Engineer: 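There's a structure below that I have some questions on.
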Amino acid sequence: MRMSRMFSKTLREAPNGADTKGYEYLLRAGYIRQMGAGIFSLLPLGYRATEKIKAIIRSEMEAIGAEEMEMPVVNPADIWKETGRYYSIDKEMSRFKDRNNRDMVLAMTHEEAVTDIARGEVDSYKRLPRLVYQIQTKWRDDPRPRAGLIRVREFTMLDSYSFDKDAEGLDKVYKDHYKAYFRIFSRCGLPSIAVGADSGMMGGKISHEYMYLSPIGEDTIIYCPECGYTANRQIAKFRKEYFPEEMKAIEKKATPESKTIEALAEYLGIDPRKTAKCVFMVGSFINDKNGEEEDKLIVALVRGDLEVEESKLSNAVRANALRPAHEEEIEACGMVPGYASPIGAKGDFICVVDETVANSNNLVAGANEAGYHYLNTNFGRDYNGTVADIASARDGFACPVCGKPLKASKGVEIGNIFQLGTRYSEAMNCTYQDENGKQVPVVMGSYGIGVGRLLACLAEEYNDEGGLKLPVSVAPYQVHLVSLVKETEIADKIYEDLQKAGIEVLYDDRKETAGVKFADADLIGIPLRITLGNRSLKEGKVEVKIRETGETTSFLLEDIAEEIKAEIAREQAEIDRNIVNKTLD
RNA sequence: CGGGUAGUAGCGCAGGGGCUAGCGCACUUGGUUCGGGACCAAGGGGUCGGAGGUUCAAAUCCUCUCUGCCCGACCA
């Protein structure tokens, strides 16, 4: 491509709001442009980079036997009503009516669509297993888009769907994806880890998220450097320590100005872990069949030294959504905020107690009277509720597997894989006839990678003061030919020769000064830069600079295509050498 | 959806009741330069986010509204 004819231009200054390096460079180099909150265009450079990513994805998906297809972005609402997600998903899914007043949705994922198709295609065990994928646009009306392509509303996603006879089949294809995803990310040059995850709205059982560890990430990953345990904090476990003792008689005590655990512990001169912390949420429960919604107060108790993990709590009570409770809602059940506990509470609420509270004795808890707490409360004796793990794992807590201290790190979710089971096939009657002539629901899995987000993470991982420096496997071009000489003949010739040799060339034939051309080359970050200038041309040579290392060499004009090819091959080989082949056991 | 902050030229910003709305970069033309964001000269480009109001007079004050960004809630 001749830069004199390139659609985009580079920006010297970062547009307001570009607050991470990767995002700033993608904008300045002309890879992407913003159109609205969470809505971006891929300019030719960005488009080429994502096409490279897609090609890698395709080759790895084909390698595990997946077939590419494409499903519509607009779905009739009917299929979403069948699974109930029409009702259980809130405003994140956009809805509209067509001219005949039929309910339609913009699909934010394609379990419904693919299951609808599959129930017509899959009729016998002989037609299983099956595996399809698409790389397609999703619209999710996220309430808070952020950080450029990291969190957007419209995005391109690889999504694949597997159909199996049974759990063993699903297990195999799940493992295939587990491995393929590591290969995809590593072929793009992006370091990633897989962590156990919450399945959220997907509703399956087993799931993993692929994380790019970075401070710009929004997820917190809990991991054990000792034994390798990893999980999203939303579901991360940790080894809990209990301090059982003889139950003592409950006793009411004045505790003025002790609305928080810290204040309470200090006033009583005790360790926070001798208290029970009470957190109030309101869960909304949506009927999958008709969309009717019911709100219920949830009282969650953890030991005073711990925090409540909302997603764990949400899973424990099977709520569709949780929000903090208002004071009136708490008071309506006879509890006093700041001095609250389920003891003596009345009305309709769900009490969930963390194991740490259930297995501790004589904890201090609220007396539901301003300024008073109870000493020596005991779960089971003084109040009841569901026991579950609802405490949040933190940095330094003990690993659930080996007991060594856990670490916490921020990460960006770049992919996830779900074992769906029969959640969708049962709801949508997607069954096959087995060897015994019986109709059995198909066992499904779904798997996804955010393509744009992957590019954003790569831009975050590969940059320096000058701009981007994407790996050769995903860079929009392989070589950036910068001509500094007036006469165009030699440069044109090199440009053509390189193209004939099958090399992707960005050719800076603009009438710009050397400084501008070099700065733009650094910004765009093509892995190799050929400099054609009078200095070396006198000796019949050109210079080649490696963007990543800054290393410069020079070659004879006639060798240039060959040398460039060799260098590209070297860089590609380096990436191939580092392909991660990790299996799930 | 709550809190904060900002909308003035393509990008970054200044101006905060008064006369023709500025600056840097980018852009156009001419000339000089020509290996790390050149220089000189002459230019083009704005309904100051939108609507309503106050005023002799509004980019500037008031009301409403839209939009972006950040934090939180939320989410993949």
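In what follows, chains are A, B, ... by sequence order, proteins preceding strands, each numbered from 1. Fair warning: this is a prediction, and the values are worked out from it, not measured in the lab.
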Engineer: Taking A:Asp520 first and then A:Arg510, would you say they form a salt bridge - that is, a charged N and a carboxylate O separated by under 4.0 Å?
Structural biologist: yes

Engineer: Look at all strands and tell whether A:Ala521 reaches a base, only sugar-phosphate, or nothing, counting heavy atoms closer than 4.0 Å.
Structural biologist: nothing

Engineer: Are OP1 or OP2 of B:C69 and a side-chain N or O of A:Arg146 less than 4.0 angstrom apart?
Structural biologist: no

Engineer: Honestly, is A:Lys81 close enough over A:Tyr86, meaning NZ or CZ under 6.0 Å from the six-membered ring centre and within 45° of the axis?
Structural biologist: yes

Engineer: Just so I know, are the side chains of A:Lys237 and A:Asp389 near enough to count as touching, which here means a heavy-atom distance under 4.5 Å?
Structural biologist: yes

Engineer: Can you tell me how far C1' of B:C74 sits from CG of A:Asp90, to the nearest Å?
Structural biologist: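 Spelled out: CG on A:Asp90 to C1' on B:C74 is 10 Å.
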
Engineer: Starting at the 5' end of RNA chain B and moving along, which residue's nearest nucleotide shows up first, A:Gln34 or A:Glu310?
Structural biologist: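 Going by which nucleotide is closer to the 5' end, it is A:Gln34.
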
Engineer: Quickly work out the A:Met93 CE to B:C74 C1' distance and round it to whole Å.
Structural biologist: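 Nearest whole value for this atom pair: 16 Å.
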
Engineer: For B:G44 versus B:U29, give the span between their P atoms, rounded off to a whole number of Å.
Structural biologist: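 15 Å, rounded to whole Å.
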
Engineer: Is there a donor in the side chain of A:Asp159 and an acceptor in the side chain of A:Tyr161, or the other way round, less than 3.5 Å apart?
Structural biologist: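 There is such a pair between these side chains.
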
Engineer: With a 4.0 Å cut-off, would you call A:Arg2 and A:Asp509 a salt bridge?
Structural biologist: yes

Engineer: Return a single string for nucleotides 32-39 of chain B, one symbol per nucleotide in 5' to 3' order, where B is base contact, S is sugar-phosphate-only contact and - is none, cutoff 4.0 angstrom on heavy atoms.
Structural biologist: --BBBBB-

Engineer: Considering just the side-chain nitrogens and oxygens of A:Gln234, establish if one lies under 4.0 Å of OP1 or OP2 belonging to B:C75.
Structural biologist: no

Engineer: Is any N or O donor-acceptor pair between the side chain of A:Arg151 and the base of B:C74 shorter than 3.5 Å?
Structural biologist: yes

Engineer: Could you tell me how far apart A:Glu24 (CD) and B:G12 (P) are, to the nearest whole angstrom?
Structural biologist: 11 Å

Engineer: Taking only the C1' atom of each, what is the distance from B:G3 to B:C74 in whole angstrom?
Structural biologist: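 The same atom, C1', in both gives a distance of 15 Å.
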
Engineer: Between B:G49 and B:U8, how far apart are the P atoms? Round to whole Å, please.
Structural biologist: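 B:U8 and B:G49 have their P atoms separated by 6 Å.
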
Engineer: Compare all side-chain heavy atoms of A:Ile193 with those of A:Val195 and state whether any distance is below 4.5 angstrom.
Structural biologist: yes

Engineer: Evaluate the side-chain proximity of A:Arg28 to A:Thr10: yes if any heavy-atom separation is below 4.5 Å, no if none is.
Structural biologist: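 No, too far: nothing below the 4.5 Å cut-off.
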
Engineer: Between B:G24 and B:A9, how far is it from one P atom to the other, in whole Å?
Structural biologist: 16 Å

Engineer: Would you be so kind as to tabulate the donor-acceptor pairs closer than 3.5 Å made by side chains of residues 449-458 of chain A, with sequence neighbours excluded?
Structural biologist:
unit_1	atom_1	unit_2	atom_2	d
A:Arg453	NE	A:Ile150	O	2.7
A:Arg453	NH1	A:Glu413	O	2.6
A:Arg453	NH2	A:Ile150	O	3.1

Engineer: One thing to verify: whether A:Lys545 and A:Glu551 come together as a salt bridge, which I'm taking to mean a side-chain N less than 4.0 angstrom from a carboxylate O.
Structural biologist: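 Not counted as a salt bridge, because no side-chain N and carboxylate O are separated by less than 4.0 Å.
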
Engineer: Please report the distance separating the P of B:U63 from the corresponding atom of B:A6, rounded so that it comes out in whole Å.
Structural biologist: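 To the nearest whole Å, 16 Å.
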
Engineer: So does A:Val580 get a backbone contact from the side chain of A:Ser186, meaning a donor-acceptor N/O pair under 3.5 Å?
Structural biologist: yes

Engineer: Note every stem involving RNA chain B: at least three consecutive Watson-Crick or G-U wobble pairs, i with j then i+1 with j-1, with both distances under 3.5 Å.
Structural biologist: B:1-7 with B:66-72, B:10-13 with B:22-25, B:27-32 with B:38-43, B:49-53 with B:61-65

Engineer: Counting heavy atoms from C-beta on, name the nucleotide in B:A76, B:C70, B:C13 closest to the side chain of A:Asn16.
Structural biologist: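 The nucleotide sitting nearest to the side chain is B:C13.
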
Engineer: Under 4.0 angstrom, heavy atoms only, what part of the nucleic acid is A:Val485 near: base, sugar-phosphate, or nothing?
Structural biologist: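 Contact class for A:Val485: none.
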
Engineer: Rounding to an integer number of Å, can you tell me how far A:Leu27 CG sits from B:G10 C1'?
Structural biologist: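 Atom CG in A:Leu27 sits about 14 Å away from atom C1' in B:G10.
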
Engineer: Please determine, for the side chain of A:Glu92, which listed nucleotide (B:A76, B:G12, B:C75) has the closest atom?
Structural biologist: B:C75

Engineer: Nearest-Å distance, CZ (A:Arg153) to P (B:G68)?
Structural biologist: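 It works out to 7 Å between those atoms.
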
Engineer: Please state whether the rings of A:Tyr447 and A:His177 are parallel, tilted or perpendicular, taking 30° and 60° as the class boundaries.
Structural biologist: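 Aromatic pair A:Tyr447/A:His177 classed parallel.
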
Engineer: Quick one: label A:Pro143 by what it contacts on the DNA or RNA (base, sugar-phosphate, nothing), any heavy atom closer than 4.0 Å.
Structural biologist: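 The residue A:Pro143 makes base contact.
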
Engineer: Work out how far the C1' atom of B:C39 is from that of B:C34, and round it to whole angstrom.
Structural biologist: 12 Å

Engineer: Counting only distance, no hydrogens or angles, is the base of B:G24 paired donor-acceptor with the side chain of A:Glu13 under 3.5 Å?
Structural biologist: yes

Engineer: Would you mind reading off the distance between A:Glu218 atom CD and B:C74 atom C1', rounded to a whole angstrom?
Structural biologist: 10 Å

